[in-house]
2 protein chains.
Amino acid sequence: MSLPHALLTSLLEKPTSGSELARRFDKSIGYFWQATHQQIYRELARLEEAGLVSSTAEEGARGRKRNYKVLTAGKAELKRWMSQPSEHRNLRDEMMVRVRAAAIIGPHGLQEDIRIRLEHHQAQLALYREIEKHDFKDKPKDPKLGLQHLLLNAGIEYEQMYIDFCHKVLKQIESACDTRGKPRLKRA
Amino acid sequence: MSLPHALLTSLLEKPTSGSELARRFDKSIGYFWQATHQQIYRELARLEEAGLVSSTAEEGARGRKRNYKVLTAGKAELKRWMSQPSEHRNLRDEMMVRVRAAAIIGPHGLQEDIRIRLEHHQAQLALYREIEKHDFKDKPKDPKLGLQHLLLNAGIEYEQMYIDFCHKVLKQIESACDTRGKPRLKRA
DNA sequence: TTTGACATGTAACCCGTTACATGATTTT
DNA sequence: AAAATCATGTAACGGGTTACATGTCAAA
């Protein structure tokens with residue numbers, strides 16, 4: 001249940017509207033926690049209902065921009081949440097399942113899929129590096145930015161790892177095909 | 001939608017019952033795709049309904065062990081799925097959200113949380129290494145195991161990366177406290 | 001034969017997703 | 001003023017999770 005707290009964090013940094021939050025979620029926090037605008041609106045309504053945030057707009061002002069800001073209770077809730085043990089989420093990656101399947105029944109076109117993923121992760125890596133250059137390289141050691149820089153670096157390392165993994169799998173599939181002339185298929 | 005295909009893969013490797021699959025999912029495939037026994041039973045029922053697997057048990061034999069095996073159509077479906085582009089899942093990690101929050105309102109007990117996570121990931125890493133020693137070290141280069149070894153290594157590298165990240169964050173928080181005597185808090 | 005563990009199943013809930021609708025605002 | 005766009009919202013669905021229920025089998 002991180003979404004409300006991600007929103008609180010984002011609103012604490014700078015009060016804004018739901019649509020703006022949705023856009024901001026494509027960056028920064030969005031690298032580790034994504035949300036569609038429907039989720040965000042739903043959650044903002046709940047947060048307001050719970051008295052954790054307030055918005056500048058009368059009831060039922062559909063279509064008009066609402067500006068949200070965090071109330072004291074909201075900040076308190078965020079602190080409370082921070083001091084609780086976080087829920088652990090395991091890795092969950094469809095491609096890994098496919099690699100496992102390929103180990104059983106052969107590649108069956110997995111290479112193409114991996115190449116697509118490779119492109120995506122390479123693009124993501126390039127984006128992160130661009131952000132790093134733009135946001136962190138000039139300010140040598142602002143301690144306020146330290147944690148955010150660590151987050152960005154975690155993203156960078158993750159992408160590098162993923163890219164590396166893709167290359168290894170491609171190489172492995174290729175070499176297995178070379179040795180045996182053909183991907184291993186147990187005939188049904 | 002990987003669960004049915006993960007089940008097909010697992011059943012192709014060795015036909016078994018739902019409960020056994022649930023147990024096996026705690027290992028191997030389970031490192032990258034988890035499922036509770038309810039999900040597994042639900043999905044097995046669907047797969048049988050769709051004619052992709054068959055089970056040894058008359059209708060409505062509740063409580064009695066059912067042995068599932070993959071039918072030809074099931075294997076075909078798995079191959080079809082493998083040649084389709086896979087869905088991309090972004091990272092989604094609650095701890096990262098907390099680190100981001102800590103960058104805004106200060107640590108607030110985050111360190112303790114990180115230490116718990118550290119222990120977990122260290123234990124996971126140790127487990128993976130144990131598996132590697134047990135399953136892969138003696139068989140130097142069985143090409144059939146190549147992909148599975150790569151998967152295991154991906155898990156190992158991921159855990160190492162996560163552990164490393166935790167250490168960095170702890171260090172950063174600590175040093176920030178040293179410099180300023182106290183974690184930076186904007187008073188409400 | 002009763003107890004307890006095991007195997008399967010039912011039900012309800014919440015989050016995340018998708019499709020779409022409606023009110024406001026800006027552009028032409 | 002009509003059209004396009006923006007901001008917010010409603011509704012429905014599916015996967016994943018949790019709690020619990022029921023039937024089977026083996027051990028005491």
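Computed over heavy atoms, backbone and side chain alike; hydrogens, waters and symmetry mates excluded. Worth saying up front: this structure is predicted, and the values here are computed from it rather than measured. Each chain gets a letter, A, B and so on, in the order its sequence line appears, and its residues count up from 1.
- The closest side-chain heavy-atom distance from A:R98 to B:W81 is below 4.5 Å.
- In this structure, B:L21 atom CG and C:dG9 atom C1' are separated by 16 Å, rounded to whole Å.
- Within 4.0 Å of B:R89, counting heavy atoms only, lies no atom of the nucleic acid at all.
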For side-chain hydrogen bond (donor to acceptor under 3.5 Å, both in side chains), just list the numbers for A:E94 and B:H88, CA-CA rounded to whole Å, side-chain angles, deciding distance to a tenth of an Å, and then say yes or no. CA-CA 8 Å; A:E94 181 169 337; B:H88 166 69; over 6 Å; no

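- Comment: B:R100 engages A:E13 in a salt bridge, judged by a side-chain N to carboxylate O separation of less than 4.0 angstrom.
- OP1 and OP2 of C:dG9 both lie 4.0 Å or more from every side-chain N or O belonging to B:R46.
- Closest to the side chain of A:Y41, from the set C:dT8, D:dG9, D:dC25, is D:dG9.
- In this structure, A:E48 places its CD atom 13 Å from C1' of D:dT8, rounding to the nearest Å.
- Straight-line distance from the CE atom of A:M1 to the P atom of C:dG16: 10 Å, rounded to whole Å.
- Relative to the side chain of B:Q39, the nucleotides D:dT17, C:dG9, C:dG16 differ in distance, and D:dT17 lies closest.
- The residue B:S19 sits close only to the backbone: its heavy atoms come under 4.0 Å of sugar-phosphate atoms, none of a base.
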Walk me through whether B:E112 and B:I116 qualify under side chain to side chain contact (heavy atoms under 4.5 Å, CB included). CA-CA 6 Å; B:E112 187 50 33; B:I116 293 171; 4.2 Å; yes

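- Here D:dT17 presents its P atom at 12 Å from CZ of B:F25, a figure rounded to the nearest Å.
- Side-chain atoms of A:R23 stay outside donor-acceptor range of the base of D:dA7, with no qualifying N/O pair under 3.5 Å.
- Contact annotation: A:R66 does not reach the phosphate of D:dC6 (side-chain N/O to OP1 or OP2, under 4.0 Å).
- Side-chain atoms of A:R42 come within donor-acceptor range of the base of C:dT17, with a qualifying N/O pair under 3.5 Å.
- Nearest nucleotide to the side chain of A:R62, out of D:dG9, C:dG9, D:dT24: D:dG9.
- B:L147 places a side-chain heavy atom less than 4.5 Å from the side chain of B:L150.
- Closest to the side chain of A:Q38, out of C:dC15, C:dA19, C:dT8, is C:dA19.
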